[in-house]
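Take a look at the structure set out below.
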Amino acid sequence: MQTSLPGRTATGAPLCDRLKRRFLTLARGGRMANWGIPDTRQSGYLLRMILQDRIPYDIHPTPRLPGIKPLNPAEWLQVDEAYAAQMAQRRHLLDTRRDAVLALDPQAVPAARELSARVLAGLPAGFTVTGTAVICPDGTTVARDANDPLGTLGRIVQEDLCLMEKRGAEHVLTGAVLCFPASWRLDEKFMRPMTAIHDPVDSYDADIARRVQRLFDGVRAGQPLWRFNAFPYASAELHQPRSVTQRRAEVDPDSAPFWRSERQCLVRLPESQAVVFSIHTYVVQSAAITAGTG
């Protein structure tokens with residue numbers, strides 16, 4: 001895919017003013033760089049990099065798995081400087097690639113609706129919630145749809161949201177809105193238990209699997225938990241699905257242009273007893289890490 005300078009097409013012709021205004025609108029709230037225009041026959045979407053200025057926690061001490069800490073319930077959902085740009089991409093993916101980014105088992109609909117009520121009741125400052133819609137910090141109005149709880153939430157919050165329900169001895173991924181996967185695919189993990197979900201992860205051995213299952217069993221309503229990961233990346237693209245059959249490319253942390261970190265939270269839903277696994281994705285330039293702001 002060719003890249004080009006802002007305001008010019010891949011062939012060097014000036015972009016029309018209306019298109020440039022669209023870029024600027026999408027850029028509000030998040031920094032974009034290295035704009036390019038992909039083959040519209042494949043995606044019809046204008047590619048851009050969406051970066052935060054910093055990661056709001058120290059990623060330098062590498063925690064041992066699972067690396068869990070208690071979380072203030074009021075701090076679960078976050079809105080950062082990339083909100084408008086990330087949400088523009090999330091809404092686009094839900095409009096054009098819904099089957100790739102959203103899945104819900106019919107038996108998990110009650111849990112999804114409970115999650116929707118929990119999220120709407122706990123939105124941070126900047127949102128306005130009415131009986132029929134949510135006005136978001138970027139000015140977008142999202143209609144509330146009880147028949148599409150995960151799709152609605154995916155248009156409102158930056159977090160990817162995964163529903164884990166106890167089926168037999170393990171928790172199973174029974175629903176998710178996953179717009180920003182980091183090297184995994186929802187269609188390969190949907191309706192699979194924790195051990196199968198983590199099959200390709202070398203560090204996820206039997207001992208870790210038992211500890212994680214005990215952790216999911218022990219999450220209490222009103223007492224959420226959180227952890228983070230952080231990896232060097234060659235690309236700032238947020239939507240990076242990768243099949244288990246594909247080898248993950250090695251990236252040198254000393255020369256990687258970007259670092260990507262997931263703020264992962266575990267929240268128990270009291271009625272369905274489902275555990276919500278939420279993911280807030282940060283992507284920053286490596287300079288932000290070396291400067292100590294990540």
Side-chain angles (χ1 to χ4, degrees), residues 52 54-80 108 110-112 114-124 149-150 153-154 156-184 186 189 192-198 201 203-231 259-282 294:
Q52 282 98 341
R54 58 187 294 272
I55 298 171
Y57 42 82
D58 187 2
I59 68 169
H60 292 93
T62 303
R64 294 181 58 190
L65 288 174
I68 292 291
K69 305 175 185 179
L71 173 70
N72 181 342
E75 297 177 355
W76 174 29
L77 303 169
Q78 303 281 301
V79 173
D80 62 40
E114 183 184 2
L115 170 59
S116 178
R118 172 69 178 83
V119 168
L120 296 185
L123 289 171
L150 295 185
L153 294 179
I156 294 173
V157 296
Q158 286 177 264
E159 282 78 9
D160 283 319
L161 300 165
C162 302
L163 282 172
M164 306 295 299
E165 294 186 275
K166 193 74 174 287
R167 303 274 178 94
E170 291 188 82
H171 279 78
V172 174
L173 179 62
T174 59
V177 54
L178 182 74
C179 294
F180 300 155
S183 297
W184 61 290
L186 180 57
K189 307 300 183 180
R192 303 194 71 190
M194 290 289 294
T195 50
I197 288 174
H198 289 92
V201 181
S203 59
Y204 198 89
D205 57 19
D207 178 61
I208 293 295
R210 286 190 295 269
R211 289 163 57 191
V212 171
Q213 184 55 56
R214 287 198 300 268
L215 173 67
F216 271 71
D217 288 338
V219 177
R220 297 181 180 180
Q223 299 180 30
L225 305 169
W226 81 285
R227 69 179 298 274
F228 71 86
N229 63 25
F231 295 99
W259 277 77
R260 178 173 178 143
S261 179
E262 294 180 337
R263 180 182 183 265
Q264 304 171 343
C265 301
L266 297 175
V267 178
R268 174 78 70 183
L269 299 178
E271 294 180 16
S272 64
Q273 287 298 298
V275 174
V276 181
F277 180 71
S278 68
I279 307 165
H280 189 111
T281 300
Y282 296 91

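The first residue of the sequence shown is numbered 1, and numbering continues consecutively from there. Reckoned from all heavy atoms, side chains included, excluding hydrogens, waters and symmetry mates.
- When all heavy atoms of Ala176 and Leu150 are compared, the pair lying nearest together is N-CD1, 3.5 Å.
- A distance of 7.0 Å separates CZ of Arg227 from CZ of Phe277, quoted to the nearest 0.5 Å.
- Surrounding CD of Glu271 are at most 12 heavy atoms belonging to other residues, nucleotides or ligands under 6.0 Å away.
- Between the CZ atom of Phe216 and the CE atom of Met164 there is a distance of 5.0 Å, given to the nearest 0.5 Å.
- With sequence neighbours left out, Ser272 forms a side-chain contact (heavy atoms from CB on, under 4.5 Å) with Ala111, Glu114, Leu269, Ala274.
- For the atom pair SG of Cys265 and CG of Leu71, the computed distance is 5.0 Å after rounding to the nearest 0.5 Å.
- Annotation: side-chain contact (heavy atoms from CB on, under 4.5 Å) contacts of Ala221 (sequence neighbours excluded): Arg268, Pro270.
- Applying the side-chain contact (heavy atoms from CB on, under 4.5 Å) criterion to Asp217, with sequence neighbours excluded, gives Lys166, His171, Gln213.
- At least one donor-acceptor pair closer than 3.5 Å links the side chain of Asp160 to the backbone N or O of Phe180.
- Trp76 pairs by the side chain to side chain donor-acceptor pair (under 3.5 Å) definition with Ser278, not counting sequence neighbours.
- Closest non-hydrogen pair, Thr281 versus Arg260, comes out as CG2-NE, 3.7 Å.
- Of all heavy-atom pairs spanning Val267 and Pro224, the tightest one is CG2-CB, 3.9 Å.
- Residues passing the side chain to side chain donor-acceptor pair (under 3.5 Å) test with Glu165, sequence neighbours excluded: Thr174.
- Between Pro124 and Val79, the shortest heavy-atom distance links the atoms CG-CG2, 3.8 Å.
- Between Leu163 and Leu173, every side-chain heavy-atom pair lies at or beyond the 4.5 Å cut-off.
- Looking at heavy atoms from C-beta onward, Leu115 lies out of side-chain contact with Pro149 at the 4.5 angstrom threshold.
- The side-chain heavy atoms of Leu225 and Leu215, taken from C-beta on, include a pair separated by under 4.5 Å.
- Relative ring orientation between Phe228 and Tyr57 is described as tilted, the plane-to-plane angle lying within the 30° to 60° band.
- Separation of atoms CD (Gln158) and CZ (Arg263) is listed at 11.0 Å; rounding is to 0.5 Å.
- Distance check, rounded to the nearest 0.5 Å: SG of Cys162 to CG of Leu178 gives 5.5 Å.
- Applying the side chain to side chain donor-acceptor pair (under 3.5 Å) criterion to His280, with sequence neighbours excluded, gives Asp80, Glu159.
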(message) side chain to side chain contact (heavy atoms under 4.5 Å, CB included), that's the test. Do Leu123 and Ile156 meet it? Break it down for me.
(response) CA-CA 9 Å; Leu123 289 171; Ile156 294 173; 4.2 Å; yes

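- Between Arg118 and Pro73, the shortest heavy-atom distance links the atoms NH2-O, 4.2 Å.
- With rounding to the nearest 0.5 Å, the separation of CG in Leu120 from CG in Leu77 is 9.5 Å.
- The minimum heavy-atom distance between Ser261 and Ile59, with the atom names listed, is OG-CG2, 4.2 Å.
- Residues Trp226 and Lys69 meet the side-chain proximity criterion, which asks for heavy atoms closer than 4.5 Å.
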